[in-house]
Structures are given as structure tokens and as C-alpha cells.
Amino acid sequence: DGPHPQQGVPVLMTLHQPSSEIFAELDDVVILHGGEVCFHGPRTRLTNHFEVMGMICPVNFNPSDFIMFSIASSTPEVVSTLKESWNSSEACAELEQRMGPGSPARYSDADA
């Protein structure tokens with residue numbers, strides 16, 4: 001029968017533009033731009049986070065594609081606002097609290 005997969009085992013992977021099917025299987029996602037966090041949290045909260053900033057994902061569109069295309073086509077000022085919005089969000093504060101002191105919730109290249 002082979003090995004049985006364990007439940008509750010954390011898995012970290014990098015995916016570049018995952019298909020809708022793969023994206024739907026993820027629990028948490030991290031969206032980076034230029035090494036800085038634009039979003040980090042539950043996949044189910046991703047589109048809501050960006051909707052607040054006017055980036056509304058069309059129905060039946062792959063959210064990961066939409067967010068990546070939106071960020072890539074935005075001006076540097078808009079991208080900066082996205083990053084600042086994440087850093088000041090309740091979701092970021094919740095993540096930092098869960099992860100503890102020195103968490104990478106606000107990671108940027110400047111921290112490296």
C-alpha cells in the first residue's frame with residue numbers, strides 16, 4: 001500500500017501562477033513583490049484583502065492570476081500602497097501575534 005500521508009504536516013512550496021485547481025487546494029498564501037509582502041494569510045482572505053483597495057477579481061477568474069497581473073501592471077506608487085496596506089492590516093497584526101517576535105510577516109529585502 002505504500003506510505004500513508006500524514007495530516008497536519010506543514011508544507012512550504014513556491015508556486016509561480018498556479019492553476020485554479022492547485023490554488024484552491026492551498027491553505028495559506030504569501031504574495032510578494034520585490035521581496036516585500038503584499039499579502040500573507042489564508043487563501044480565502046486573499047481576494048477580500050485586495051478588493052478593499054479596488055482590485056476586484058472577476059467571477060470565475062483564477063485569483064492568483066488576477067492578483068499577480070494586477071500587481072505587475074500597477075504603478076510603483078500603487079504597489080507601494082499595497083505593501084503599506086498589508087503592513088497596517090489587521091490580518092498582518094494577527095499573523096505577527098501568532099508567529100511571535102521577529103516574525104517575517106512584514107519581511108522585506110531590507111530585513112535580509
Side-chain angles (χ1 to χ4, degrees):
D1 284 291
H4 298 283
Q6 295 178 347
Q7 292 186 353
V9 176
V11 175
L12 175 67
M13 68 180 114
T14 301
L15 298 172
H16 180 72
Q17 294 179 304
S19 69
S20 296
E21 293 84 6
I22 296 295
F23 185 75
E25 295 296 320
L26 303 175
D27 294 322
D28 294 315
V29 297
V30 179
I31 304 293
L32 300 171
H33 179 275
E36 296 180 308
V37 178
C38 293
F39 177 82
H40 180 181
R43 171 192 46 82
T44 56
R45 292 174 72 177
L46 177 68
T47 54
N48 289 341
H49 177 76
F50 285 93
E51 282 177 2
V52 170
M53 293 170 282
M55 295 180 170
I56 300 170
C57 184
V59 176
N60 296 325
F61 204 88
N62 183 339
S64 65
D65 282 342
F66 175 76
I67 298 300
M68 297 310 293
F69 293 149
S70 295
I71 292 172
S73 63
S74 293
T75 65
E77 294 80 17
V78 169
V79 173
S80 180
T81 299
L82 293 173
K83 294 172 185 179
E84 290 169 14
S85 176
W86 165 252
N87 286 332
S88 63
S89 73
E90 185 177 314
C92 181
E94 289 171 6
L95 180 64
E96 284 184 318
Q97 187 173 10
R98 277 193 351 235
M99 295 177 77
S103 77
R106 299 175 198 259
Y107 176 81
S108 73
D109 283 340
D111 297 329

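Using a distance-only test at 3.5 Å, with no hydrogens or angles considered, no donor-acceptor pair links the side chain of N87 to the main chain of V37.
When the ring-ring contact (aromatic ring centres under 6.0 Å, His included) test is applied to F50, no partner is found at least two apart in sequence or on another chain. Applying the side chain to side chain contact (heavy atoms under 4.5 Å, CB included) rule to I56 yields the partners E51; only residues at least two apart in sequence or on another chain are considered. Residues passing the side chain to side chain contact (heavy atoms under 4.5 Å, CB included) test with T81, sequence neighbours excluded: none. Residues that satisfy the side chain to side chain contact (heavy atoms under 4.5 Å, CB included) test with P76, not counting sequence neighbours, are absent from this structure. Judged as a side chain to side chain contact (heavy atoms under 4.5 Å, CB included), and not counting sequence neighbours, the contacts of D28 are P42. Residues meeting the side chain to side chain donor-acceptor pair (under 3.5 Å) test with S19, sequence neighbours left out: E21.
Side chains of C92 and W86 form a contact here, defined as non-hydrogen atoms less than 4.5 Å apart. Annotation: side chain of V78 is in contact with side chain of M55 (closest heavy-atom distance under 4.5 Å). Contact of the L26 side chain with the L15 side chain is registered, since non-hydrogen atoms from C-beta on lie closer than 4.5 Å. Proximity of R43 to P63: side-chain heavy atoms (C-beta onward) are nowhere separated by under 4.5 Å.
For residues 12-37, no residue pair satisfies the ring pair (Phe, Tyr, Trp, His ring centres under 6.0 Å) rule, not counting sequence neighbours. Residue pairs satisfying the ring pair (Phe, Tyr, Trp, His ring centres under 6.0 Å) criterion with at least one member in residues 58-78, sequence neighbours excluded, are absent. Residue pairs that meet the salt bridge (Lys or Arg N to Asp or Glu O under 4.0 Å) test with at least one member in residues 76-94, sequence neighbours left out, are E36-K83, R45-E94.
Taking every heavy atom of both residues into account, V79 and I71 meet most closely at CG2-O, 3.7 Å. Residues C57 and T47 come closest through the heavy atom pair CB-CG2, 4.1 Å.
The hydrophobic cluster containing V52 does not contain I31, counting ILVMFWY residues as joined when their side-chain heavy atoms lie under 4.5 angstrom apart, directly or transitively.
The CG atom of N60 lies 9.0 Å from the OG atom of S20; values are rounded to the nearest 0.5 Å. In this structure, CG on L32 lies 8.0 Å from CE on M68, to the nearest 0.5 angstrom. Between the CG atom in L46 and the CD1 atom in I67 there is a gap of 5.0 Å [rounded to 0.5 Å].
Other residues, nucleotides and ligands contribute at most 12 non-hydrogen atoms within 6.0 Å of the CD1 atom of I22.
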